[in-house]
Engineer: 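Encoded as structure tokens, here's the structure I'll be asking about.
What's counted below: heavy atoms across the whole structure, side chains too, no hydrogens, waters or symmetry copies. Just so it is clear, the structure is predicted and the values come from calculations on it, not from any experiment. All chains are named by letter (A, B, ...) in the order of the sequence lines, taking the proteins before the strands, and each is independently numbered beginning at 1.
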2 protein chains.
Amino acid sequence: MGGRISTDLIRGHTDTIILNILRHGDSYGYEIYKTIIALSGRQYELKEATLYSAFRRLEQDDLITSYWGDETQGGRRKYYRITKKGLETYEQNLKDWRFAKGILDKLIEGGLENVDRQ
Amino acid sequence: MGGRISTDLIRGHTDTIILNILRHGDSYGYEIYKTIIALSGRQYELKEATLYSAFRRLEQDDLITSYWGDETQGGRRKYYRITKKGLETYEQNLKDWRFAKGILDKLIEGGLENVDRQ
DNA sequence: TTAATATATATCATATTACTATGTCTGTCA
DNA sequence: TGACAGACATAGTAATATGATATATATTAA
């Protein structure tokens, strides 16, 4: 897999990525793990440990809720559902990402020709 | 100032931002601080503590070197210069950023309609 | 004159968070 | 029966951005 996305480029986006998946419907840990790989075109893998600690964080902040599935066979699954607050947070994070992208482009690629430091 | 860019959206870009400024010419801490604010259109402020700890990191990794200016009045200035290795790192980081941007767009905004989790 | 502000560098302690390593359990398939 | 995939989970670690704090000089406003 990729390997070109350093962990620090993803840091801060984990929660938004999970919320984006959950706003399309309830899902459980391992499925979300697979979905992220698929969504990235197999370029990026969010480690399971990162996911499960994010779930705890998100649930504590009331951005998601969880319930056990009723699997009669196989490992039991814990499903997650996005809350109203989670959806609002997602929308705000999306705006923030679009905004930050523009600023970062300037900071990373920008020339200093007409910069007024004042 | 802005306030809409959370620290975690910038995390991992600090070094690249500094290297981008230094590849246009030598500069010193406080000027770099001002330049970042100006470059961002006054939307973002990289804290001075963050800057000075980044300088140490960058110098340790041989991405920049430093020398004292010859100011005869006012606070003395420590100038930083980008090294060859620093320039190469900048170019790689720029590629990584462009790549990560595309992946992140998919992960943050992407729909799950045609996702094959396999 | 004095107080505030701008210029300039620096360190320490803290919080956040992503990852490595590790563990447990179930079911399937060769 | 043994490997592998599915599924969840925790403990410890490392990196880094920042708040708080400190020091020193020069300029400007009250």
Engineer: Regarding A:Glu31, tell me which of base, sugar-phosphate or nothing describes its non-hydrogen contacts under 4.0 Å with the strands shown.
Structural biologist: nothing
Engineer: What nucleotide, of C:dA18, C:dT20, C:dT7, holds the atom closest to the side chain of A:Lys47?
Structural biologist: C:dT20
Engineer: Any carboxylate oxygen within less than 4.0 angstrom of a Lys/Arg side-chain nitrogen, looking at A:Arg98 and B:Glu109?
Structural biologist: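 Yes, this pair counts.
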Engineer: Identify whether the distance between the nearest side-chain nitrogen and carboxylate oxygen of A:Asp105 and B:Lys101 falls below 4.0 Å.
Structural biologist: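 Judged by the 4.0 Å cut-off on N to carboxylate O distance, A:Asp105 and B:Lys101 do form a salt bridge.
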Engineer: Can you check the A:Glu59 CD to D:dA9 C1' distance for me, whole Å?
Structural biologist: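 Computing the A:Glu59:CD to D:dA9:C1' distance gives 14 Å.
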Engineer: D:dA20 P sits how many Å from B:Glu48 CD, rounded?
Structural biologist: 14 Å
Engineer: What is the separation between atom CG on A:Leu51 and atom P on C:dC19, rounded to the nearest whole Å?
Structural biologist: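 Atom CG in A:Leu51 sits about 9 Å away from atom P in C:dC19.
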Engineer: For D:dA9, does either OP1 or OP2 sit under 4.0 Å from a side-chain N or O belonging to A:Tyr52?
Structural biologist: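 Result: no.
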Engineer: Please work out if A:Arg77 contacts a base, only the sugar-phosphate, or nothing of the nucleic acid, heavy-atom cut-off 4.0 Å.
Structural biologist: sugar-phosphate
Engineer: How many Å lie between NE2 on B:His13 and P on D:dA15, as a whole number?
Structural biologist: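 My rounded result for the distance is 19 Å.
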Engineer: Think B:Lys78 has a side-chain N or O under 4.0 angstrom from the OP1 or OP2 of C:dA10?
Structural biologist: yes
Engineer: For a quick check of understanding: with a heavy-atom distance under 4.0 Å over all strands, which category does B:Thr7 fall into, base, sugar-phosphate or nothing?
Structural biologist: sugar-phosphate
Engineer: Measure from the side-chain heavy atoms of A:Tyr44 and tell me the nearest of C:dT9, C:dC19, D:dC8.
Structural biologist: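 Nucleotide nearest to A:Tyr44's side chain: C:dC19.
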Engineer: Can you find a side chain N or O atom of A:Lys34 that sits less than 4.0 Å from OP1 or OP2 on D:dA5?
Structural biologist: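 For D:dA5, neither OP1 nor OP2 has a side-chain N or O of A:Lys34 closer than 4.0 Å.
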Engineer: Tell me: CG of A:Leu104 to P of D:dA17, nearest whole Å?
Structural biologist: 12 Å
Engineer: Examine the side chains of A:Ser66 and A:Glu59 and answer whether a donor and an acceptor come within less than 3.5 Å of each other.
Structural biologist: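 Checked: A:Ser66/A:Glu59 side chains pair up, N/O donor to acceptor below 3.5 Å.
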Engineer: Can you confirm whether more than 12 heavy atoms, excluding those of B:Arg117, are under 6.0 Å from its CZ atom?
Structural biologist: yes
Engineer: Between D:dA9, C:dT7, D:dA17, which nucleotide gets closest to the side-chain atoms of B:Tyr30?
Structural biologist: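 Selected nucleotide (nearest to the side chain): C:dT7.
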Engineer: Whole angstrom is fine here: how far is it from CZ in B:Arg11 over to P in C:dT14?
Structural biologist: 17 Å
Engineer: Quick check with a 6.0 Å cut-off and a 45 degree axis cone: is A:Arg76 positioned over the face of A:Trp68's six-membered ring?
Structural biologist: yes
Engineer: Heavy atoms under 4.0 Å, any strand shown: does B:Ser53 hit a base, just sugar-phosphate, or nothing?
Structural biologist: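 Base: the residue B:Ser53, judged by heavy atoms under 4.0 Å, touches a nucleobase.
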Engineer: Among C:dT20, C:dT9, D:dT16, find the nucleotide with the atom closest to the side chain of A:Asp8.
Structural biologist: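 Looking only at side-chain atoms, A:Asp8 lies closest to D:dT16.
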Engineer: Can you identify which nucleotide, out of D:dA9, D:dG6, D:dA7, has its nearest atom closest to the A:Tyr80 side chain?
Structural biologist: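 Nucleotide nearest to A:Tyr80's side chain: D:dA9.
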Engineer: Between D:dT10, D:dG6, C:dA18, which nucleotide gets closest to the side-chain atoms of A:Arg57?
Structural biologist: C:dA18
Engineer: Looking at every strand, decide which applies to B:Leu46 at a 4.0 Å heavy-atom threshold: base, sugar-phosphate, or nothing.
Structural biologist: sugar-phosphate
Engineer: Pick the nucleotide of DNA chain D nearest each of B:Ala49 and A:Arg76; which residue has the one closer to the 5' end?
Structural biologist: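 Nearer the 5' end of the strand: A:Arg76.
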Engineer: Rounded to the nearest Å, what distance is computed from the CD1 atom of residue A:Ile10 to the P atom of nucleotide C:dA18?
Structural biologist: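 Going from A:Ile10 (CD1) to C:dA18 (P), I get 9 Å.
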Engineer: Between B:Thr50 and D:dT18, is there a contact of a side-chain N or O with OP1 or OP2 at under 4.0 Å?
Structural biologist: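 Yes, because at least one side-chain N or O of B:Thr50 sits under 4.0 Å from OP1 or OP2 of D:dT18.
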Engineer: Which part of the nucleic acid does A:Glu71 contact within heavy-atom distance under 4.0 Å: base, sugar-phosphate only, or nothing?
Structural biologist: nothing
Engineer: Are the charged groups of A:Lys95 and A:Glu91 less than 4.0 angstrom apart, N to O?
Structural biologist: no
Engineer: Pick base, sugar-phosphate or nothing for B:Tyr33, based on heavy-atom distances below 4.0 Å to the nucleic acid.
Structural biologist: nothing
Engineer: Between P on D:dT18 and CZ on B:Arg56, what's the gap in Å once rounded to a whole number?
Structural biologist: 16 Å
